[in-house]
Each structure stands twice: as structure tokens, then as C-alpha cells.
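Just so we're clear, the structure is a prediction, and the values are computed from it rather than from any experiment. Quick note on labels: first sequence line is chain A, next is B, and so on, each numbered from 1.
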There are 2 protein chains.
Amino acid sequence: MDRYDERREQLAESALKTLGELGYARTSLRDIATNSPFSHGVLHYYFDDKLDLIDYCIRYYKAKCVTRYDAVIADSTGPDELREAFAAKLVETIVEEGPMHRLWYDIRAQSMFEHRLRPAVTYVDQTLEDMVWRVIDRYAELSSATPALSPAAAYGMLDGLFHAALLGEALGEDDALPTLVDQVHGLLPLTIEGGTP
Amino acid sequence: MDRYDERREQLAESALKTLGELGYARTSLRDIATNSPFSHGVLHYYFDDKLDLIDYCIRYYKAKCVTRYDAVIADSTGPDELREAFAAKLVETIVEEGPMHRLWYDIRAQSMFEHRLRPAVTYVDQTLEDMVWRVIDRYAELSSATPALSPAAAYGMLDGLFHAALLGEALGEDDALPTLVDQVHGLLPLTIEGGTP
DNA sequence: AATAGTGCTTGACGGTTGTCAAGTTCCCGC
DNA sequence: GCGGGAACTTGACAACCGTCAAGCACTATT
């Protein structure tokens, strides 16, 4: 990777930090530059415009989190262990990377109004669906069963629970995270069928 | 209702129309006023500031859609009929009120960054959960069974599927709506247990 | 060491934003 | 019909936005 790409990543890092705190609507290019070692003019040196920067940020964000559960998949030796570890990891990432997830749901909502965001959102959403499916597939395998729903359905339901927990956590519901654990524990068995009795 | 409240509702109507088209981030008070019979100054005559207006809009939005599925609940005489009618109604509202739903998910995401939106979002979210739970509860009753998950879990999963379908529809996936129907058909039986064999 | 070119800063631009004060029009009670 | 307050318009404000041109600093090559 050459120097040019390094700087783009560095700026994307600063941008993600700022966007994660303020959200898309209230983050200006000057805010991003303030949270970086550079001045505001440099952003137009490395990116065409604001949306080009955000497009890059979205894809960069994905690269950092798409393998988040792969260790859980690889290390778990039984269905219940996988279920526990997966639920714990979901909670962990809300606690440790909350702003990043908030930003993701923000950007995804923006993509319904801002057409230029759509390709990146579609791309990342698909990789997240794949990531979830690897968990479900492994869970079925460890249960000696087969998945009972489509990847899209599994991702949609799990994402709904995750999104609700993130929202609850942001809105100050103090039982949002334990509730998520319970919900995931309840949901995973529903995603498979034909397991060994 | 006095004249003052009538005008507030009228302005909220114009605001929702504009916000539904442009989204929160790109809608200005002047845009809203342009889509109304009044000038931009009148908004500060009826609302304290922009967030006060949006707070009012969110609650007003809820009042219009919270009973959307009650007719389905009342008219259905069997579990499969309810399931069909509910899924059809979900699709119908995406088609006919798409912008309003897009706005809702946008505002809900904004509430994670803008504290002043939180009370209204929390309030509406709860009424939506109640609305979904009335469907699930009736579905269990018609199935001679009992619900197998909490209202929050049922709402979270269903909302995840609905959100994904709305997003898919906005992003141009032409099978988003039929897929939603299939997913809802698959999900509802999972929400109950102990039905008559 | 002179120079060319990359990397970065600075400052300015036109436009838009929320907000509000001042002024105008309209309507209702007397 | 006349006065007064409510309803609404207009215009202006300070601040902020994305963008970009101009210039400075630094580095590497010759």
C-alpha cells in the first residue's frame, strides 16, 4: 500500500471517529479535520467530495468488523457454547464499538434518501448477512441439524434484535444488553430444524 | 380542538410530507414551509424550534398508523387467515406509505445522536411494539396456543424483517416485498408454542 | 545546490441554515 | 366602522456549510 492509500485510511479513521460521535447529519468536514492531524482542506485533496469520503469510510468500516465472529465460530465445540459465545460477542461489540454501530444504522437510513450511498450500503449489508449466516450455519452443523430459514431472514431477525438493543442502550434502558442475550438464546434454536433428539 | 392546534397539525402534515421525501438531514424549515400554504416564518410562530416541530411530527405520525392492523386482527377468523392478511398489510403499507416509514427509521437513528428526539422515539417505539403484540397475541389465540417469546423479541424480529424489506424496496431489489411475505409466513409460527396438533 | 513536484495550509467564495425582530394584513369584539 | 390583537409575511442576522484556488513547505531527483 502506497502513501496515498495510507493517508486515505488515516483520514477515514478520523472521519469514522467523528461521525460515530455526532452522526451523519451533524458532522461537517471541518469537524472531521479537527479530529485529525490535518486541516480541513486536505480532505478534498484525498477525496472528491463529502460523499466520496463517506463511501470510503463505509467500506473501510466493514473491513474492520466482518470477521468479528469468526473466532467464535472456529473455537466453539458445541451448539450451546457457540450460542453463549455469540451472544456475549454481540453484547461486547455494542459496549466497545457502540458509536460505530450507531453510525452504521444512521448511514443505512440515509442511503434511502441519498442515492450515492446505496452501493456501499448494499455491499456492506451483504457482507454482514454472510457473516451472520456463517454463525447460523455452524450452529446448525454443531446441532446436527439444518438451517430452517434463509440467510436473509436470519440476518433480518438478528439485526432487528441487535438494532433494538443498540437503541435501547443509547436511550438509557439499563436492561437492554441482558435482554439481547436472552433473545438471542431464544432465537438461535428457532433457526434450525431436524436436530438430533 | 382550537384553531391553534389545527394549524399545528396542518404544519406537521406539510413537514411530514417534506421530511418523508428528503429525510431529516436534508430538510430545512424553508423546504417545509414551501410545501405548505405558509411562509417560513410561521413555523416559529407555532413551534419553539426545529426539534420541537419534529417532536410534534413524530407523535402525530404515530396517531395515524398505530391502529393499522387492528382491522386485520378483528376480521380474521383463523390463524392462517390472520397470517396472510397481516403479511399483505405489511406489504401494502410499504407500498403506500413508504416515505413515512423511511422517515421513521431515519428519525429513530437520529435519536441516538440527538437527545431531544429520544422521548418521542421511545414513546412511538413502545406503541409499535404494542401494536405488533396485539397481532401475535391474537395469532396465538386463533392457534389455540400461547406466545413463545416476549413482546420486545417479537417486535424486534418483525421490525428487522420489515426494515430490511423497506430498505430493499428503496434500494431497488424487486423481490423485497414477496420475500417479506415469505419471511413473515415463516416467522409467525415460531412465535407460538403448544398449539393444537 | 537548484529545481520540480507533491503534500498540506490558509483564506475566501457563494450558498444555505435556524432564528428572530419588525412590519403588514386580517379578523373579531365592541 | 373602528380599534386592537392575533396571524402571517418579509427581510435580515450571524453562523455554518462544501468547495476550491492560491500559496507555502518540504522532499526527492538531478
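- One interatomic measurement links the two molecules: OH of A:Tyr45 to P of D:dA25, which rounds to 17 Å at whole-angstrom precision.
- Across C:dT9, D:dA12, D:dG18, the shortest atom-to-atom separation from the side chain of B:Arg30 is found for D:dA12.
- Between the side chains of B:Asp31 and B:Ser28, at least one donor-acceptor pair of N or O atoms lies under 3.5 Å.
- One interatomic measurement links the two molecules: NE2 of B:His44 to C1' of C:dA21, which rounds to 12 Å at whole-angstrom precision.
- The interatomic distance linking B:Leu29 (CG) with C:dT17 (C1') rounds to 8 Å, in whole Å.
- Positionally, the nearest nucleotide of DNA chain D for A:Arg26 lies more toward the 5' end than for the other of A:Gly41 and A:Arg26.
- A:Arg3 places its CZ atom 12 Å from the C1' atom of D:dA28, with the value rounded to the nearest Å.
- B:Asp48 has its CG atom 15 Å from the P atom of C:dG18, to the nearest Å.
- We find that CZ of B:Phe47 is positioned 15 Å from C1' of C:dG18, with the value rounded to whole Å.
- A donor-acceptor pair under 3.5 Å is absent between the side-chain atoms of A:Thr93 and the main chain of A:Lys89, judged by distance alone.
- Between C:dG7, C:dT17, C:dA12, one nucleotide has an atom nearer to the side chain of A:His40 than all others, and that is C:dA12.
- For the OP1/OP2 pair of D:dC16 and a distance below 4.0 Å, the side-chain nitrogens and oxygens of A:Ser28 include no atom meeting the criterion.
- In the displayed structure, B:Lys17 atom NZ is contacted under 6.0 Å by at most 12 heavy atoms of other residues, nucleotides or ligands.
- Here the side chain of B:Thr191 pairs a donor or acceptor atom with the backbone of B:Leu188 at under 3.5 angstrom.
- Between A:Leu43 atom CG and D:dA21 atom P there is a gap of 16 Å when expressed in whole angstrom units.
- In this structure, of C:dT9, D:dT10, C:dT19, it is D:dT10 that holds the atom nearest to the side chain of B:Ser39.
- Residue B:Tyr4 contributes atom OH, which lies 9 Å from atom P of D:dA7 at whole-angstrom precision.
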